[in-house]
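Both backbone and side-chain heavy atoms feed into the values below; hydrogens, waters and symmetry mates do not. To find a chain, count down the sequence lines: A is the first, B the second, and so on, and within it residues start at 1. Worth saying up front: this structure is predicted, and the values here are computed from it rather than measured.
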Amino acid sequence: MSNIRAVRGMNDILPDETPHWQHLEQTVSRVLSSYGYGEIRLPLVESTRLFKRSIGEVTDIVEKEMYSFDDRNGDSLTLRPEGTAGCVRAAIQQGLLGVPQRLWYAGPMFRYERPQKGRQRQFHQIGVEAFGVPTPDMDAEIILLSARIWRQLGLVDSVALQLNSIGSSSARQAYRSALVEYLQQREDALDEDSQRRLHSNPLRILDSKNPQTQALLDGAPALADFLDEESRDDFARLRELLDAAGQRYVVNARLVRGLDYYNKTVFEWVTDRLGAQGTVCAGGRYDGLVEQLGGKPTPAVGFAMGMERLVLLLLESAQAVPAGRGVDAYVVAVGEAAQREALAAVEAVRDKLGELVILQHTGAGSFKSQLKKADKSGARVALIWGEDEVANGKVTIKQLRDQAAQVDNPGQQTVPREHLEATLVAAFADRMG
RNA sequence: GUGGCCGUAGCUCAUCAGGUAGAGCACCGGAUUGUGGCUCCGGAGGUGGCGGGUUCGAGACCCGUCGGCCACCCCA
């Protein structure tokens, strides 16, 4: 087709699916405000420099996945590939960091990757960031907060928490050397990708999917043995807090994160129900980032969840989302005079009974075809204006759903127009707040 | 960037040793002059992703290209 299509990896979210999105967004935002987090709305576009500095120059995201372009001033701008950098930038710029600060944001992110299940080029995240608290009770807070979200969504049985500590950056550097040394001696046993990572990002070899590589890692030095004392203590404390709160988790010693700014605690919520992209939510501590971006040293923890993946998981887990209200009434009006009457009358009804969902028939259509549409719409009643009604100043209310009513009587009543509101109030007594 | 599978009506799919396409659903109309759901009848809708090649003839075979899905990589 030569028609214009959506850009690859940038998907439309259709009315069929938006109820799931809304349910997800509403649930998350409700939980977040109950923990005192405030929403912040951030630009989709930031200076390219911001992402290079925060995410790390040699990460895949920065090297090959960013949508970057020069604006008319010649400044290099980038569609945000993740949210933390922009949030930190805003927090610094707007002077939000004098006191502990709890923030969240939602919106699209952009990464130039090959689309697959649970991964597109424009995807949506909800990010949560807590600034100014160095102690692991804050790590515990955001983990427990995320767990609460899964519970409210009915997803507890679909996800599992993985936890690790990657320590301070100096501890990590020491470990990196040890790991590289160990692996270099066995380089020919490594898969091709891992050989490459040996030079670019050796820690990522730890979560390689290659079984041979994983076997090789069994004998490798362990990250845990290289942790600095503070990281070790904080991690122990975090586990204590989670245990006390009854939060289950598994320590995954090979869990590392792709972005450079993380330190100490890292965690992921994973599922086995989404194919290859099993991470549904991930985050960790990033104590150095604020300072690195020009702010006063400020510890921070945060995470982001992938909305597309969570929506998939809701569908996969057959988690019912609250049904929409549906159509209450469908207005059938035949002829110009009737249409004029109906339009005005229904506007008056909306003034009084604003919560009713009323579908007005528009366009042409015989009596019969209009009723057919009324039925298809799922409306409970049809409001009918025909010649007779117009002539007598009346309107017919016809029941379309109530089977019992239709057995004993025609299932419809014709009332004076000024009784329409009262009749509707009675008919929808069960649905009116 | 790499690999596998796929690309026929709005949707889900079929057909075929290669002889210029069909079903179900949806849509429109009729069977009832003002009454839907069920049923019946009829209708509209496809340059078979696009381009090239083989052939008397291709949606079916070959090549290319674009697109989709899944996986690798990477990540939420």
Side-chain angles (χ1 to χ4, degrees), chain A residues 1-9 11 16 55 59-65 81-84 106-128 146 159 191-194 196-197 200-201 204 207-210 256-259 267-271 274-283 302-313 330 332-335 338 361 364-391 396-403 406 410-412 414:
Chain A
M1 245 188 263
S2 64
N3 288 332
I4 297 178
R5 307 174 42 93
V7 173
R8 188 213 260 268
N11 299 154
D16 267 3
I55 297 170
T59 56
D60 276 33
I61 292 180
V62 168
E63 280 183 342
K64 46 188 197 193
E65 295 177 2
E82 60 104 38
T84 300
M109 309 291 164
F110 302 85
R111 308 220 283 234
Y112 187 88
E113 297 180 277
R114 200 74 178 258
Q116 72 182 75
K117 188 182 178 78
R119 193 177 72 187
Q120 32 282 132
R121 290 181 174 180
Q122 174 175 328
F123 60 104
H124 299 77
Q125 290 187 333
I126 291 181
V128 178
S146 56
V159 295
D191 62 277
E192 204 178 317
D193 286 322
S194 293
R196 181 173 47 75
R197 283 184 287 225
S200 57
N201 196 347
R204 302 284 319 174
D207 56 13
S208 164
K209 285 178 185 169
N210 186 296
V256 292
R257 312 256 46 251
L259 311 171
F267 67 92
E268 282 189 8
W269 287 95
V270 297
T271 179
L274 292 185
Q277 307 302 325
T279 303
V280 112
C281 171
F303 67 82
M305 46 196 163
M307 306 296 281
E308 279 80 1
R309 292 180 187 180
L310 286 168
V311 169
L312 281 176
L313 200 51
Y330 190 100
V332 169
V334 186
H361 179 82
S366 65
F367 204 100
K368 188 191 188 76
S369 75
Q370 290 196 34
L371 261 188
K372 223 173 226 179
K373 282 174 178 142
D375 182 55
K376 288 253 168 63
S377 76
R380 188 191 289 189
V381 303
L383 306 182
I384 300 171
W385 273 270
E387 265 179 47
D388 297 350
E389 284 84 355
V390 173
T396 295
I397 295 108
K398 177 180 170 67
Q399 295 291 334
L400 297 175
R401 302 299 143 200
D402 188 348
Q403 303 287 349
Q406 292 178 60
Q412 68 182 51
T414 300

Residue met sooner reading RNA chain B from 5', once A:Asp191 and A:Met307 are mapped to nucleotides: A:Asp191

Which atom names give the shortest non-hydrogen contact between A:Glu268 and A:Thr279, and what distance separates them? OE1-OG1, 3.0 Å

With the side chain of A:Ile384 defined as its heavy atoms from C-beta on, choose the nearest nucleotide among B:U35, B:C75, B:G37. B:U35

Run the salt bridge (Lys or Arg N to Asp or Glu O under 4.0 Å) test against A:Asp388 and tell me which residues pass, sequence neighbours left out. none

So what does A:Gln120 touch, heavy atoms closer than 4.0 Å: a base, only the sugar-phosphate, or nothing? base

Looking at every strand, decide which applies to A:Arg197 at a 4.0 Å heavy-atom threshold: base, sugar-phosphate, or nothing. sugar-phosphate

Non-neighbouring partners of A:Glu65 that pass salt bridge (Lys or Arg N to Asp or Glu O under 4.0 Å), sequence neighbours left out: none

Dot-bracket summary - RNA chain B, pairs being Watson-Crick or G-U whose distances fall under 3.5 Å, with | when paired to another strand: (((((((..((((........)))).(((((.......))))).....(((((.......))))))))))))....

Non-neighbouring partners of A:Lys376 that pass side chain to side chain donor-acceptor pair (under 3.5 Å), sequence neighbours left out: none

Output all residues satisfying side chain to side chain donor-acceptor pair (under 3.5 Å) with A:Gln116, sequence neighbours left out; order by chain, then residue number. A:Arg119

To the side chain of A:Asp388, which of B:G36, B:C73, B:G34 is closest? B:G34

Return the set of residues passing ring pair (Phe, Tyr, Trp, His ring centres under 6.0 Å) with A:Tyr112 (not counting sequence neighbours), or none when no residue passes. A:Tyr67

Run the side chain to side chain donor-acceptor pair (under 3.5 Å) test against A:Trp385 and tell me which residues pass, sequence neighbours left out. none

For the side chain of A:Glu387, starting at C-beta, report the closest nucleotide among B:A76, B:C75, B:G34. B:G34

Which nucleotide in the list B:U35, B:G68, B:C73 gets nearest to the side chain of A:Arg5? B:G68

Between protein and nucleic acid, restricted to nucleotides 1-6 of chain B and to nitrogen or oxygen atoms under 3.5 Å apart, what atom pairs and distances do you find?
| residue | atom | partner | partner atom | Å |
| --- | --- | --- | --- | --- |
| B:U2 | O4 | A:Arg114 | NH1 | 2.5 |

Assign A:Lys209 to base, sugar-phosphate, or nothing according to its heavy-atom contacts below 4.0 angstrom with the strands shown. base

Using the P atom as the reference point in each nucleotide, state the distance between B:G45 and B:G10 in Å, no decimals. 11 Å

Applying side chain to side chain contact (heavy atoms under 4.5 Å, CB included), can you list everything that pairs with A:Gln120, at least two apart in sequence or on another chain? A:Asn11, A:Phe123, A:Glu308

The nucleotide from B:G36, B:A76, B:U35 with an atom nearest the side chain of A:Thr279 is B:A76

Nearest-nucleotide pick for A:Asp375, side chain only, options being B:G37, B:C69, B:A76: B:G37

Quick one: label A:Glu63 by what it contacts on the DNA or RNA (base, sugar-phosphate, nothing), any heavy atom closer than 4.0 Å. nothing

Between C1' on B:C74 and CE on A:Met109, what's the gap in Å once rounded to a whole number? 17 Å

